[in-house]
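Owing to the predicted nature of the structure, the values given are computational and were not obtained by experimental measurement.
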Amino acid sequence: LMVIGVFYNNELPSRGGGFSYKSMVYNGLQSSSHKILFIKRRRFQGIYNFCLIKFPFLFKLFKLFERRFQNVDLLLCFEPTDFVISDTPFVYVCWDLANYYSNAFPEIQQYKSWSYTTIIKKIAIQRAFAVVVGTYVGKRQTIDLCHIDPNKVFVIPFPARKLPDREVFVPNNKDKILFYPASYWPHKNHIFLINFVKKYKEIKDFNYHFVFCGADKGNLSYLKEYVEMNSLDSFFTFHEFISNEELYQLYKIATACVFPTLIGPDNLPPLEAMLLKCPVLVSNILGASEQFSESALYFDPFEYDSFYNSLK
């Protein structure tokens with residue numbers, strides 16, 4: 001039997017898809033026949049690793065103090081900052097390469113964040129014994145950008161978590177609820193849905209109400225102000241992070257789950273919606289059709305007419 005080390009830290013559920021994915025993997029590992037050793041990520045792990053990249057001669061010194069991996073056969077890493085300090089072979093789960101392909105957004109473009117993430121993620125991918133991605137699109141991107149052996153990149157589609165069943169209370173209003181569960185990042189493209197309503201609200205029989213929920217990543221106040229400025233309050237409900245029970249309720253009463261994100265693939269909420277038989281409309285970004293196949297309707301996340309036609 002192998003001893004497999006798995007990094008973890010005390011993340012909050014408000015982290016979003018990353019928290020959900022890791023939780024499913026952690027739970028799945030509990031039934032493994034191998035010995036699983038959970039290793040807490042150090043508070044300044046990223047700083048240590050960045051120093052090692054800049055000053056490789058420090059590697060031996062760090063190894064004197066880092067003895068947690070001595071009896072570990074293989075490490076499972078979810079973050080690029082998990083790996084450098086040990087010589088132990090590791091598997092790296094690569095969520096996406098948005099810092100290369102979608103770096104126009106402020107949350108990615110910030111120099112310190114972009115340069116650090118880009119450097120250390122590429123080194124993590126190149127040093128990994130194996131790299132796990134969710135789609136073949138992700139595999140091609142990883143190979144092209146990091147110049148690695150295709151045989152060490154494995155496509156394992158990301159799973160959907162099962163939400164707890166609850167009694168569903170159907171609201172009395174006749175509006176069709178369009179549910180968008182996503183953190184309030186600019187790349188999640190909430191503004192597209194607001195401008196869509198602004199354009200189409202006067203159309204006959206326009207009876208859609210959008211419900212947003214997610215952790216505030218600095219964009220929520222702007223979205224609320226924009227809605228208020230355009231007198232669209234009656235068309236939108238904003239929630240921050242909500243419980244799994246509330247999430248289940250919204251999936252069940254929604255006419256559809258909409259997902260106009262500009263970064264992907266490997267977005268998990270549409271998979272959750274499908275599991276609960278909630279119709280899904282997703283942006284036609286690269287890799288989305290591979291992830292969702294014929295189980296979703298697709299629209300151009302820059303074209304309002306495309307989204308409206310998907311709703312019909």
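Two residues are said to be in side-chain contact when any heavy atoms from C-beta on lie closer than 4.5 Å; Pro269 and Phe259 meet this criterion. The shortest side-chain heavy-atom distance between Leu271 and Phe292 falls under the 4.5 Å cut-off. Using a 4.5 Å heavy-atom cutoff, the side chains of Asp266 and Tyr21 are not in contact. With a 4.5 Å cut-off on side-chain heavy atoms, Val93 and Val25 do not count as touching. Side-chain atoms of Tyr26 and Ile36, non-hydrogen and from C-beta on, never get closer than 4.5 Å to each other. By the 4.5 Å heavy-atom criterion applied to side chains, Ile253 and Ile177 are counted as neighbours. Between Val282 and Tyr298 there is a side-chain heavy-atom pair separated by less than 4.5 Å. Residues Leu29 and Ile4 are not in side-chain contact: their nearest non-hydrogen atoms beyond the backbone lie 4.5 Å or more apart.
Following chains of ILVMFWY side-chain contacts shorter than 4.5 Å, one cannot reach Tyr180 starting from Trp185, and the two form parts of different hydrophobic clusters. Residues Leu193 and Val197 share a single hydrophobic cluster, defined by chaining ILVMFWY side chains whose heavy atoms lie under 4.5 Å apart. Transitive grouping of hydrophobic side chains (ILVMFWY, heavy atoms separated by less than 4.5 Å) brings Phe302 and Phe105 into a common cluster. Under the 4.5 Å side-chain heavy-atom criterion for grouping Ile, Leu, Val, Met, Phe, Trp and Tyr, Phe38 is connected to Leu74 within one hydrophobic cluster. No single ILVMFWY cluster, assembled from side-chain heavy atoms under 4.5 Å apart, contains both Leu275 and Val280.
With hydrogens and angles disregarded, a donor-acceptor distance shorter than 3.5 Å links the side chain of His209 to the backbone of Ser234. Distance alone, capped at 3.5 Å, is enough to place a donor-acceptor pair between the Gln126 side chain and the Cys146 backbone. Put simply, the side chain of Asn189 never gets that close to the backbone of Thr261: no donor and acceptor are under 3.5 Å apart. Using a distance-only test at 3.5 Å, with no hydrogens or angles considered, no donor-acceptor pair links the side chain of Ser32 to the main chain of Gly28.
When all heavy atoms of Leu97 and Lys121 are compared, the closest pair comes out as CD2-CD, 3.6 Å. Annotation for Gly5 and Ile39: closest pair CA-CD1, 4.0 Å, computed over non-hydrogen atoms. Contact record, Leu281 with Ser310: CD2-CB, 3.6 Å, taken as the closest heavy-atom pair. Taking both residues in full, the closest heavy atoms of Asp73 and Pro89 are given as O-CD, 3.8 Å, listed atom of the first, atom of the second, then distance. For Cys94 against Val131, the heavy-atom pair with the smallest separation is CB-CG1, 4.0 Å.
The local environment of NZ in Lys35 is sparse, with at most 12 non-hydrogen atoms from other residues, nucleotides or ligands closer than 6.0 Å. Counting heavy atoms of neighbouring residues, nucleotides and ligands inside a 6.0 Å radius, atom CZ of Phe129 does not exceed 12 of them.
Taking the six-membered ring wherever Trp is involved, the centroid distance between the rings of Phe206 and Tyr208 falls below 6.0 Å. Ring centers of Phe196 and Tyr304: at least 6.0 Å apart, outside the cut-off.
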Evaluate the criterion side chain to side chain contact (heavy atoms under 4.5 Å, CB included) for residue pair Leu145 and Ile125; output intermediate values, then yes/no. CA-CA 10 Å; Leu145 284 170; Ile125 290 170; over 6 Å; no
Check: So Phe212 and Phe236, ring pair (Phe, Tyr, Trp, His ring centres under 6.0 Å) or not? Walk me through it.
Finding: CA-CA 8 Å; Phe212 298 156; Phe236 294 93; 5.6 Å; yes
Any chance you could lay out the side chain to side chain contact (heavy atoms under 4.5 Å, CB included) test for Phe192 and Phe299, step after step, and finish with the verdict?
CA-CA 12 Å; Phe192 171 83; Phe299 62 90; 3.9 Å; yes
Go through Phe210 and Ile194 one step at a time and tell me if the side chain to side chain contact (heavy atoms under 4.5 Å, CB included) criterion holds. CA-CA 9 Å; Phe210 290 82; Ile194 299 173; over 6 Å; no
Start with the C-alpha gap between Ile285 and Asn267, add the side-chain angles, then the distance that decides, and say whether side chain to side chain contact (heavy atoms under 4.5 Å, CB included) holds.
CA-CA 11 Å; Ile285 55 175; Asn267 292 296; 4.2 Å; yes
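A distance of 13.0 Å separates OH of Tyr248 from OG of Ser243, quoted to the nearest 0.5 Å. Atom CG of Leu250 sits about 9.5 Å away from atom SG of Cys278, to the nearest 0.5 Å. In this structure, the separation between NZ on Lys201 and CD1 on Ile203 is 12.0 Å, given to the nearest 0.5 Å. Taken from CZ in Phe235 to CG in Asn207, the straight-line distance is 10.0 Å, to the nearest 0.5 Å. Between the CG atom of Leu37 and the CE atom of Met2 there is a distance of 12.5 Å, given to the nearest 0.5 Å. Taking CG of Leu76 as the reference point, atom NZ of Lys22 lies at 10.5 Å (rounded to 0.5 Å).
Ile156 is linked by a side chain to side chain contact (heavy atoms under 4.5 Å, CB included) to Val132, counting only residues two or more places apart in sequence or in another chain. In this structure Cys213 satisfies the side chain to side chain contact (heavy atoms under 4.5 Å, CB included) test together with Phe179, Pro181, His239, Ile242, Leu247, sequence neighbours excluded. Residues meeting the side chain to side chain donor-acceptor pair (under 3.5 Å) test with Glu303, sequence neighbours left out: none. Under the side chain to side chain contact (heavy atoms under 4.5 Å, CB included) criterion, Pro279 pairs with Ala256, sequence neighbours left out. For Tyr308, the side chain to side chain donor-acceptor pair (under 3.5 Å) test picks out no residue, with sequence neighbours left out. Residues meeting the side chain to side chain donor-acceptor pair (under 3.5 Å) test with Lys198, sequence neighbours left out: Asn230. Applying the side chain to side chain contact (heavy atoms under 4.5 Å, CB included) criterion to Asn219, with sequence neighbours excluded, gives Tyr184, Pro186, Tyr222, Leu223. Residues satisfying the side chain to side chain donor-acceptor pair (under 3.5 Å) criterion with Asp300, sequence neighbours excluded, are absent altogether. In this view, Lys199 and Asp305 satisfy the salt bridge (Lys or Arg N to Asp or Glu O under 4.0 Å) rule, not counting sequence neighbours.
When hydrophobic residues (I, L, V, M, F, W, Y) are linked wherever their side-chain heavy atoms come within less than 4.5 Å, the members clustered with Leu286 are Val137.
For the side chain to side chain donor-acceptor pair (under 3.5 Å) condition, the pairs that include at least one residue of residues 271-291, sequence neighbours left out, are Arg161-Glu272, Tyr251-Glu272. Residue pairs meeting the salt bridge (charged side-chain N to carboxylate O under 4.0 Å, His left out) criterion with at least one member in residues 128-148, sequence neighbours excluded, do not occur.
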